[in-house]
Amino acid sequence: MTDASGAPRLTLLRGDITEQQVDAIVNAANSSLLGGGGVDGAIHRRGGPEILKECRALRASHYGRGLPTGQAVATTAGRLPARWVIHTVGPVFSASEDRSALLADCHRNSLLVADELGAQAIAFPAISTGVYRWPVEDAAVIALRTVSQSPTRVEEIRFVLFDDRALAAFQQAADSLGLSAN
Ligand code: AR6
């Protein structure tokens with residue numbers, strides 16, 4: 001359900017994204033699309049080989065050089081409760097170069113793909129805040145600002161945070177942006 005303003009409902013929770021009962025979950029992938037550690041590893045492990053099969057097909061067709069940073073593409077979710085996985089590639093954090101626009105692109109483009117799929121509920125992890133070292137307090141502001149400013153038909157946007165620190169960072173960011181979240 002959207003709220004009275006038509007904006008998607010925003011939910012922040014601590015949990016494992018592979019367990020979410022939503023239409024689409026977002027994967028913090030790398031440009032190879034062929035798997036990795038962190039949330040990417042968990043999604044492929046629990047979702048089974050169908051996801052990798054579709055990723056390989058994408059590499060053989062549209063993304064011969066890999067998925068560029070900031071872009072997003074969907075596959076089946078295999079055995080996961082979700083219907084689709086939307087793979088996006090976050091930027092590696094850099095202290096010397098501002099890559100925030102690429103992190104924003106990940107969120108905006110994932111929502112565009114969700115709209116193309118007709119997804120009503122989507123779950124995001126804290127993209128780039130693990131192996132890619134983006135400070136979670138900053139990533140949370142970028143993520144929430146971007147989704148709250150992106151026009152979308154998605155009705156629920158859920159952020160599934162893996163630990164208390166990430167959850168607290170997203171709650172704090174929502175407060176600072178004046179966003180109401182459950
Ligand atoms: N559910 C929700 N969040 C999770 C889960 C999970 N099951 N597992 C980890 N996280 P990361 P990145 C959190 O490293 O920084 C991979 O190797 C984690 O605590 O998964 O974008 C890819 O293949 C952190 O807060 O993604 C790439 O090579 C957040 O998810 C690279 O890592 C993101 O951490 C991408 O790095």
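Numbers for residues simply follow the sequence, beginning at 1. For ligands, and for the atoms within them, numbers begin at 1 and follow the listed sequence. Keep in mind that this is a model prediction, so the values were computed, not measured.
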Task: Nearest-neighbour protein heavy atom for atom 33 (C) of ligand 1, which is reported as residue plus atom name and distance - done: Ala126 O, 3.3 Å
TODO: State, yes or no, whether a side-chain contact exists between Arg145 and His107 at a heavy-atom distance under 4.5 Å.
DONE: no
- [ ] Determine whether more than 12 heavy atoms belonging to other residues, nucleotides or ligands lie under 6.0 Å from atom CZ of Arg83.
- [x] no
Open item on the list: So for ligand 1, is Pro125 a polar contact partner (N or O within less than 3.5 Å, distance only)?
Closed with: no
Open item on the list: Tell me whether Asn182 contacts the main-chain N or O of Thr11 through its side chain, where contact means a donor paired with an acceptor under 3.5 Å.
Closed with: no
TODO: Around atom 25 (O) of ligand 1, find the nearest protein heavy atom and jot down its residue, atom name and distance.
DONE: Thr129 OG1, 2.8 Å
TODO: Indicate yes or no: at least one non-hydrogen side-chain atom of Gln20 is less than 4.5 angstrom from one of Leu13.
DONE: yes
Open item on the list: Tell me whether Arg153 contacts the main-chain N or O of Gly118 through its side chain, where contact means a donor paired with an acceptor under 3.5 Å.
Closed with: no
- [ ] Could you tell me whether some N/O pair between Val39 and ligand 1 is separated by less than 3.5 angstrom?
- [x] yes
Task: Ring centre gap for Phe93 and Tyr132 strictly below 6.0 Å - done: no
Open item on the list: Looking at ligand 1, is there an atom of it that comes within less than 4.0 Å of some heavy atom belonging to Ala166?
Closed with: no
Task: Taking atom 13 (C) of ligand 1 as the reference point, the nearest protein heavy atom with its distance - done: Phe162 CB, 3.9 Å
Task: Residue pairs involving residues 49-71 (criterion side-chain hydrogen bond (donor to acceptor under 3.5 Å, both in side chains); sequence neighbours excluded) - done: none
Task: Residue selection (non-hydrogen contact nearest atom 7 (N) of ligand 1) among Ile43, Leu34, Asp16, Val89 - done: Asp16
Task: Protein heavy-atom partner closest to atom 36 (O) of ligand 1 - residue, atom, separation in Å - done: Tyr132 CG, 3.4 Å
Open item on the list: To check your reading of the model: name the closest protein heavy atom to atom 1 (N) of ligand 1, its residue, and the distance in Å.
Closed with: Ile17 N, 2.9 Å
Task: N or O pair under 3.5 Å between Asp40 and ligand 1 - done: yes
Open item on the list: Do Ser148 and Leu177 make a side-chain contact, defined as non-hydrogen atoms from C-beta onward lying under 4.5 Å apart?
Closed with: no
Task: Sub-4.5 Å side-chain heavy-atom contact between Arg79 and Pro49 - done: yes
Open item on the list: Are any of the N/O atoms on Gly130, whether in the backbone or the side chain, positioned under 3.5 angstrom from an N/O atom of ligand 1?
Closed with: yes
TODO: For atom 16 (C) of ligand 1, state which one of Gly37, Gly38, Gly35 supplies the nearest heavy atom.
DONE: Gly37
Open item on the list: Between ligand 1 and Ser128, can you find any atom pair, the residue atom being a heavy atom, that is separated by under 4.0 Å?
Closed with: yes
Task: ligand 1 atoms in contact with Gly36 (distance to a heavy atom under 4.0 Å) - done: 17 (O), 23 (O)
TODO: Measure the distance from atom 26 (O) of ligand 1 to every protein heavy atom, then report the residue, atom name and distance (to 0.1 Å) of the closest one.
DONE: Ala28 CB, 3.7 Å
Open item on the list: Under the rule for side-chain contact (heavy atoms from CB on, under 4.5 Å), what residues qualify as partners of Asp40, not counting sequence neighbours?
Closed with: Asn27, Ala29, Asn30, His44
Open item on the list: Quick check: Thr18 and ligand 1, any N/O pair under 3.5 Å apart?
Closed with: no
Open item on the list: Looking only at distances, can you tell me whether any N or O atom of Ala29, backbone or side chain, sits closer than 3.5 Å to an N or O atom of ligand 1?
Closed with: no
Open item on the list: Checking a contact table here: which protein heavy atom is nearest atom 14 (O) of ligand 1, and how many Å away?
Closed with: Val131 N, 2.8 Å
Task: Heavy-atom check, side chain of Leu34 versus side chain of Leu52, under 4.5 Å - done: yes
